[in-house]
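Here is the structure we will look at, set down as structure tokens.
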Amino acid sequence: MNIQFILNGDDIQMTVDPADRLADLLKRKSLADSVHVNCGLGSCGRCMVICNGRPANACMIPAFQLRNAEIITYEGLVQTPEFLLIEKACAQHGLELCQFCKPSVYLLLAVLLEQHNRPSGDDIRQLLSAVNCRCSASEDIFTVAAAVYHLKEGRFNGHAGK
Amino acid sequence: MDKRGRSAETGLPILSNFRAADLLYVVTLRSPVARGRIKSIHIPHLPRGYRSITADDIPGEPYLEVFGARLPVLASNQVAYQGEPIALLVGPDPARLREALELTHITVEAEVPDFNFNQFNSERIAARDSRQYGDVELAFSIAQQVVEGDYRAAPLYHAAQEAQGAAAWFDYDKLMVRTGCQWPHLVHRQLAAVLKVKDVEVVVEAADPGTHLDSRLWYPALVACHAALAAVLCGRPALLVLSPEEDFLYTTLRSPVFCSYRAALDKNGNFSALDARVIINTGAYGVLADELSRQAISAVAGAYAVPNLRVQTFAVRSNLPAMGPLAGMAIPQVLFAMERLANDCARQCELDPVRFRAANLLKRGVDGPQGKRKKNIPFSQLCEAVCQASDFYRKHASFELVRKRHSDPGSNPGRGIGLALSWQPPAGLSAPANVYSAAVEVELTKELKIIIRAGLVPGTGGTVAIWKALAAEIIGQSPDTVRIEPVTTADLPDSGPSTLSAGITLIPQLIESACHTIRSRRFREALPIKVKKSLRNRPREAVGPGDGCAWGVAAVELDLDRYTGQPVIQGIWLAINAGHILDEGKARRSLAASTALALSQVLSERIQFENGQVGANAWQQYRLARFMEIPPIHISFCGNEPGSPAAGLGDLPFSLVAPALTNALSQARDTAWLADFAGDIPHGGDR
Ligand code: FES
Ligand code: FES
């Protein structure tokens, strides 16, 4: 089966097996080292990508659903201004993420930045709980998520980077 | 991350991102039965560029020698657990390898497996230990009350951030092996023996083991040997990464433990004797049997004064996969039993659990299993902090009233609050005996850079940050000028396994001492200055709760859901005394994370067993608690005074949460749920 999709702004065409999932494709072709297949069951959240604007676990995206989809991975995110904003919030709060979770957490924070309505604390916890952090960073992730949203509001009010 | 895929924080690469030209993949052919004799292996014809590897292909020693056990690198005759590696298939396309795996046929003459470890014959005993003092029989004959209890701690899986695996490749005349392990030098020794090469011909490089909780203590040596055999026999780089399901089913689980206790109490409700039998299921081959047995005996009486004691421990082999230590070397399992017993005794004496514990505590100047105590256990200070914060006395008393009034648990949504007291030994003491020797080298270069070399895998970015800050502060430079050398066995000293809190307690001590030496020599000697410090291991006895331990008290409050009977946690309170805390924020976060993990282990990570072994769908049913589900965790610190020695504290929740929760559950007393929860080992959870 041939499919075509956009990965971090690049057109990708490939022949895939119908049983393949996006995580398999990205790993097999070394297209995104940031995607870690940890559980393969959609529960750990360490293979997070943004698929058509929504966060999704790459191990739970069947290859056939990729037709004409737009996928952003951490490698794509680092090219954007949102990435700098997130980096800044993490540094300010001393958030130390492990290298397995960092890409997924950053992508979720980027999704948060895209939201138009102010998210509640519960919304933030719900969203960020998609990554099953097992270390001491877990509580800090929520603090940083709230800070990221504030930084975004600051940016709209012309205070970003100050 | 740098060009070699190493993390900027820990200097460690991620194994599954390993890339190399002409890379070969390795898959494992496993035993279909738990016990039997291999009759034949039929591997389909493999295309050019593919090959199989069996025990006959191993150039050196066909066994691993780890922690007192010998296990086959590849089983050749007898299999001792389902999923035991029998052969490897190697080739360039993982999909074709998987197809070949499905077409492979192994015939094994099955024998009746032994899963049960409550009953065993002497052949299955891998280690035993005992201790006795006083006159136990006499104490029981005059006891006011006798309390008996069987307590079980179930096997547990630890879902680290990456499945186990290894990569192997050649760098000129050296074989390089990368694996996510806690102890690269142990892997190195096994590789040299199995491949029959000189030590200098193999270099082991640690990959990031993630939050390992001791699950990477020895198993990486096995997968490293598999990847290295493939690389050596095929002359090309090779990568073996287990599937998440393989990791769950066939690598090390926490040893299940069965404790049978009998306590004699005098008229004041004090322990007059304890008679205990502890059985540890080590799985196949009895890895760590001596160590688990030794540590279990040290914890058997908890923190309590027992004038007459008789205890026997048995580490028993079974046909489950070889087990591992998982956060605490059997100490949490045994402390769990003792804290459950303390609760049952308090109830039988109609004393509140705080008073019962306080009255029975080991005291200063009293002889305990580890000699005379120099200090009192800070129980009252810790207990007061927890009881005040949780309103323990009031809640416990009112839930007791409710419990006594409603004898039919079905008619009443139970409520309970439970308490537990526990300790964490200093890092060096909880590491395996006779193997530990921490060493660190610090160098101040001509360019005024500080380089730290420690053979110990730092674990987290937080640990690295502590090492850097410490060195920078003493030598008087910025932390940016400090570099941690990546952990390889090539020229770094063996610092032993990075178990428990060694990275937070022992290594900083050595860094501190090396940096002070550099500071004193700095303006008297030419740069570079290199200083090496080490801490030699000395043979140890089982020590029990010594004076250098960190102490903790926890309370857990819960309700039973009216419809499902499942416990709903209302709150967790912890008070900790770990001496001087280097960074209170980090310590608090570390404790909160361990508490969340411990809670997830008790409540949701139950492993489904079928016919004595892990069930076919257990991996699909295995579930980690989401962060959303974790209730508020309240932590307070006591005794955090500069000058008092720092003790590791991150593992305390693993021996506090389970007993406190189960004590709360026994008060909430929905018997239907309890029976299901406990089940028969290894079918259920902690009881
Ligand atoms: S690997 Fe995709 S969610 Fe865990
Ligand atoms: S950041 Fe990865 S487990 Fe916490």
Side-chain angles (χ1 to χ4, degrees), chain A residues 16-17 19-20 23-24 26-47 59 74-75 78 90 93-105 121-143 145, chain B residues 1 5-10 12-19 93-95 158-163 208 210-213 241 243-245 247-248 459-465 583 585-594 596-597 600 619-630 633 650:
Chain A
V16 299
D17 188 294
D20 278 338
D24 304 324
L26 296 176
K27 287 304 261 189
R28 198 182 307 148
K29 305 271 179 201
S30 298
L31 293 172
D33 274 354
S34 66
V35 172
H36 301 297
V37 181
N38 184 195
C39 68
L41 293 173
S43 62
C44 73
R46 295 200 178 92
C47 61
C59 71
Y74 179 75
E75 286 80 355
V78 292
C90 291
H93 290 82
L95 177 62
E96 282 155 4
L97 293 164
C98 78
Q99 49 179 341
F100 300 96
C101 303
K102 184 174 174 178
S104 295
V105 171
D122 271 359
D123 292 343
I124 292 179
R125 286 182 91 82
Q126 181 81 47
L127 181 74
L128 271 297
S129 279
V131 178
N132 210 324
C133 169
R134 313 268 286 165
C135 75
S136 52
S138 43
E139 195 45 63
D140 292 352
I141 293 175
F142 301 110
T143 316
Chain B
M1 245 174 260
R6 289 191 177 122
S7 145
E9 289 85 28
T10 57
L12 302 173
I14 289 180
L15 176 72
S16 55
N17 285 346
F18 177 80
R19 303 280 176 273
D93 181 354
H158 173 56
Q161 290 92 330
E162 187 167 55
D208 194 336
T211 317
H212 52 69
L213 297 187
V241 181
S243 71
E245 191 165 3
D247 194 80
F248 174 82
T460 64
T463 309
V464 168
D583 181 332
K586 277 201 172 71
R588 192 176 293 279
R589 290 196 288 272
S590 159
L591 282 165
S594 307
L597 256 174
S600 172
W619 170 237
Q620 280 71 21
Q621 288 159 354
Y622 176 75
R623 190 181 158 277
L624 302 171
R626 291 250 158 237
F627 205 85
M628 287 285 290
E629 301 164 37
I630 305 296
I633 299 167

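- In this structure, the separation between CD on B:Gln621 and CG on A:Leu41 is 11.5 Å, given to the nearest 0.5 Å.
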*asked:* Would A:Arg46 and B:Gln161 count as a side chain to side chain contact (heavy atoms under 4.5 Å, CB included) here? Give the steps.
replied: CA-CA 8 Å; A:Arg46 295 200 178 92; B:Gln161 290 92 330; 3.5 Å; yes

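- Evaluation of the side chain to side chain contact (heavy atoms under 4.5 Å, CB included) rule for A:Ala145 yields A:Leu109, A:Leu112, A:Ile124, A:Leu128 as partners, not counting sequence neighbours.
- Proximity to chain A is limited to the side chain of B:Ser600, based on heavy atoms less than 4.5 angstrom apart.
- For the residue pair B:Arg623 / A:Ser43, no side-chain donor-acceptor distance below 3.5 Å is found, with atom types taken as modelled.
- For the side chain to side chain contact (heavy atoms under 4.5 Å, CB included) test, residues two or more places apart in sequence or in another chain that qualify with A:Val37 are A:Ala23, A:Lys27.
- Note that the SG atom of A:Cys98 and the CG atom of B:Leu12 stand 11.5 Å from one another [nearest 0.5 Å].
- Shortest non-hydrogen contact noted between A:Asn132 and B:Leu624 is ND2-CB, 3.5 Å.
- Other residues, nucleotides and ligands place no more than 12 heavy atoms under 6.0 Å from the CD atom of A:Gln126.
- If you measure heavy-atom distances from B:Ala95 to chain A, you find no contacts under 4.5 Å at all.
- Chain A forms the most heavy-atom pairs under 4.5 Å with one residue out of B:Tyr622, B:Phe248, B:Trp619, and that residue is B:Trp619.
- The greatest number of non-hydrogen atom pairs below 4.5 Å with chain B, out of A:Gly94, A:Cys39, A:Gly40, is found for A:Cys39.
- Only the side chain of B:Arg19 comes within contact range of chain A, with at least one heavy atom under 4.5 Å from a heavy atom of that chain.
- Between the side chain of A:Asn38 and the backbone N or O of B:Ala160 there is at least one donor-acceptor pair closer than 3.5 Å.
- Taking CD from B:Glu162 and CD from A:Gln99, the interatomic distance works out to 9.0 Å, rounded to the nearest 0.5 Å.
- A:Arg125 touches chain B through backbone and side chain together, each having a heavy atom under 4.5 Å away.
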